[in-house]
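What follows is a short report on a single structure.
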Amino acid sequence: MIGLIHGVVLFGTFAILWFLSLFCLLPVGLGAERDPESGAPLSPMLGRKALVALGIAVVLWCVFYALISFKVLDL
């Protein structure tokens, strides 16, 4: 039961970190090129931003996991 709880906490933490980093990256690099009718950016580069968010989330999650492993944080 404890292993299941730890897995859920670790997965939930990774999902939160990924979404947080993605939302922080969304306005980066939009520029002035916009569709005149809708105002949406012409090249939002969502795939690249999702991959960068993945990298950031992996690094932050590894720090979080290390803090748990070294007993700095207790679940």
Side-chain angles (χ1 to χ4, degrees):
M1 186 68 176
I2 297 296
L4 176 67
I5 293 172
H6 280 256
V8 169
V9 168
L10 291 174
F11 178 76
T13 303
F14 182 78
I16 289 170
L17 290 172
W18 184 80
F19 276 107
L20 181 64
S21 59
L22 179 66
F23 288 147
C24 288
L25 287 172
L26 283 177
V28 173
L30 290 180
E33 303 164 349
R34 300 189 184 275
D35 183 24
E37 292 180 12
S38 66
L42 292 176
S43 177
M45 299 180 291
L46 292 178
R48 177 182 286 172
K49 289 178 184 180
L51 288 175
V52 171
L54 178 68
I56 292 170
V58 165
V59 169
L60 292 176
W61 186 84
C62 287
V63 170
F64 177 73
Y65 190 76
L67 290 174
I68 291 172
S69 296
F70 293 127
K71 306 282 190 216
V72 175
L73 293 177
D74 186 26
L75 296 181

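Because the structure is predicted, anything quoted here is derived from the model rather than measured. These values consider heavy atoms only, across backbone and side chains, with no hydrogens, waters or symmetry-generated copies.
- A continuous path of ILVMFWY side-chain contacts below 4.5 Å connects L60 to V72, so both sit in one hydrophobic cluster.
- Residues L25 and F19 share a single hydrophobic cluster, defined by chaining ILVMFWY side chains whose heavy atoms lie under 4.5 Å apart.
- The backbone N or O of P44 sits less than 3.5 Å from a side-chain atom of K49, completing a donor-acceptor pair.
- Taking a 6.0 Å sphere around CZ of R34, one finds it holds more than 12 heavy atoms contributed by other residues, nucleotides or ligands.
- When the side chains of ILVMFWY residues are joined at heavy-atom separations under 4.5 Å, either directly or via intervening members, V59 and F14 end up in two distinct hydrophobic clusters.
- Looking at heavy atoms from C-beta onward, L46 lies in side-chain contact with L26 at the 4.5 angstrom threshold.
- You'll find the side chain of V58 stays beyond 4.5 Å of the side chain of W18, heavy atoms only.
- Judged by distance alone, the side chain of W61 and the main-chain N or O of L10 form a donor-acceptor pair under 3.5 Å.
- No single ILVMFWY cluster, assembled from side-chain heavy atoms under 4.5 Å apart, contains both I16 and F11.
- Nearest heavy atom pair, residue C24 against residue V28, reads O-CG2, 4.0 Å.
- Shortest non-hydrogen contact noted between L17 and A57 is C-CB, 4.0 Å.
- The shortest heavy-atom contact between S21 and A53 is OG-O, 3.2 Å.
- Under the 4.5 Å side-chain heavy-atom criterion for grouping Ile, Leu, Val, Met, Phe, Trp and Tyr, V63 is connected to F70 within one hydrophobic cluster.
- Note that the CG atom of L73 and the CG atom of L67 stand 5.0 Å from one another [nearest 0.5 Å].
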